[in-house]
Amino acid sequence: MLSVKYHITYWAVAAGAVALYQFLALFPPCVTAFRLVIGPLAAYITYASLTWFCRGNKRTELALYTHQALVAYLLIALGSITDYFRMPNEETPKPTALLHLLSAFLTVGVLESLRQNRRDIEPASFRLVQFGPRTELCRWSWRCMSAHLASILVCDAILFGVLLAADRVLHRVGGMSLRYIVPYWDWEDMPYPGRLGSAVVAHYLGGPFADMAETVRSRVSVF
């Protein structure tokens, strides 16, 4: 994204949601309650975020605090569905905390960008690799094309460094690899026999890493 402040805030909120869920997961009824309400709650909050900007003048501070409390509850509840994510190899440890962190980052970023109707604070997706980072340059202009291509190369280099660092940390912490979570890492296809949903979700879990690369590029690059 193009805002360092929001990028850091999203990570902090996501980390807080993970920490709270790890504590609440010690009580099985809490996990069951999260799984029961996460679907309807996600649908309601998405609708509320979409319509918030149109009714902004009619919103009160109480409505804002209520909305934020519901979003926080949703972010915490996301931890209850990480168990459904299947790894290609059943013997591979499942990094549930990391899965929760990445999904919470994406969720809070998308909901907040919808609520404020701002694309500059929306998390980047892994499509960043194909289309390049968001800039104010006109990519179809001959004058700006070389600068845009240079911006893509810089962002891809940063993304490679971020993925490499994250992969090394996972390997040292628990013998895990990022290629089981983020698609196309290590240049190998991710086999998900019988569980297409996990492969689809994995594609979007690469978004926070792409967003990190885009945010860093927006600060260090002149393009």
Side-chain angles (χ1 to χ4, degrees), residues 1-3 5-86 94-127 134 181 195-212 215:
M1 67 188 66
L2 305 181
S3 172
K5 181 182 73 172
Y6 276 91
H7 181 83
I8 296 175
T9 301
Y10 292 164
W11 280 119
V13 171
V18 173
L20 283 173
Y21 177 78
Q22 294 296 322
F23 171 74
L24 295 174
L26 298 175
F27 309 96
C30 292
V31 178
T32 303
F34 287 146
R35 290 175 176 172
L36 289 174
V37 304
I38 189 171
L41 181 61
Y44 170 77
I45 293 178
T46 302
Y47 172 77
S49 299
L50 283 169
T51 59
W52 187 280
F53 186 77
C54 299
R55 304 176 183 178
N57 294 332
K58 301 178 182 179
R59 301 290 186 179
T60 63
E61 289 190 4
L62 179 60
L64 176 61
Y65 295 149
T66 302
H67 179 81
Q68 292 176 337
L70 291 175
V71 171
Y73 186 89
L74 175 63
L75 298 179
I76 297 172
L78 286 173
S80 65
I81 60 175
T82 56
D83 290 336
Y84 296 113
F85 187 94
R86 291 182 57 183
K94 185 183 300 183
T96 54
L98 178 61
L99 295 172
H100 188 187
L101 179 68
L102 297 177
S103 59
F105 177 89
L106 288 174
T107 301
V108 67
V110 170
L111 291 175
E112 189 61 19
S113 65
L114 289 176
R115 188 184 71 83
Q116 297 191 35
N117 193 28
R118 291 177 55 183
R119 295 198 62 188
D120 61 309
I121 62 173
E122 179 184 359
S125 69
F126 216 73
R127 293 174 66 236
R134 286 168 287 188
I181 305 172
R195 195 61 183 271
L196 178 62
S198 292
V200 174
V201 171
H203 183 83
Y204 291 97
L205 289 179
F209 298 103
D211 188 75
M212 189 180 300
T215 304

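Side-chain atoms are counted along with the backbone in the values below, which use heavy atoms only and exclude waters and symmetry mates. Values in this document were obtained by computation on a predicted structure and should not be read as measured data.
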Quiz item: ring-ring contact (aromatic ring centres under 6.0 Å, His included) between His67 and Tyr44: does it pass, once the steps are laid out?
Solution: CA-CA 10 Å; His67 179 81; Tyr44 170 77; 8.0 Å; no
[X] versus [Y]: any side-chain heavy-atom pair under 4.5 Å?
X      : Y      : value
Val13  : Val71  : no
Trp52  : Leu64  : yes
Phe105 : Asp211 : yes
Leu106 : Tyr10  : no

Where [X] and [Y] come nearest, the two heavy atoms and their spacing:
X      : Y      : value
Thr9   : Lys5   : OG1-O, 2.7 Å
Leu205 : Ser103 : CD2-N, 4.0 Å
Met1   : Glu122 : CB-O, 3.7 Å
Cys30  : Leu24  : CB-O, 3.6 Å

Working to the nearest 0.5 angstrom, can you tell me the gap between [X] [atom1] and [Y] [atom2]?
X      : Y      : atom1 : atom2 : result
Leu78  : Leu99  : CG    : CG    : 11.0 Å
Ile45  : Leu111 : CD1   : CG    : 6.5 Å
Leu102 : Thr107 : CG    : OG1   : 10.5 Å
Tyr6   : Gln116 : OH    : CD    : 3.5 Å
Leu70  : Leu75  : CG    : CG    : 11.0 Å

Where does the angle between the aromatic ring planes of His100 and Tyr21 fall among parallel (under 30°), tilted (30 to 60°) and perpendicular (over 60°)?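 Correct class here is perpendicular.
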Exercise. With sequence neighbours left out, what residues match Leu20 under side chain to side chain contact (heavy atoms under 4.5 Å, CB included)?
Worked result: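 Listed in chain order: Ile76.
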Checking side-chain contact (heavy atoms from CB on, under 4.5 Å) for the pair Val110/Leu114: CA distance, chi angles, key distance, verdict?
-> CA-CA 6 Å; Val110 170; Leu114 289 176; 4.1 Å; yes
Q) Short question: side chain of Arg35, backbone of Ser80 - any donor-acceptor pair under 3.5 Å? A)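 Judged by distance alone, yes, a pair lies under 3.5 Å.
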Worksheet item: Under the 3.5 angstrom rule, does the side chain of Ser113 hit a backbone N or O of Ile121 as a donor-acceptor pair?
Response: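 Side chain of Ser113 to backbone of Ile121: no pair is present.
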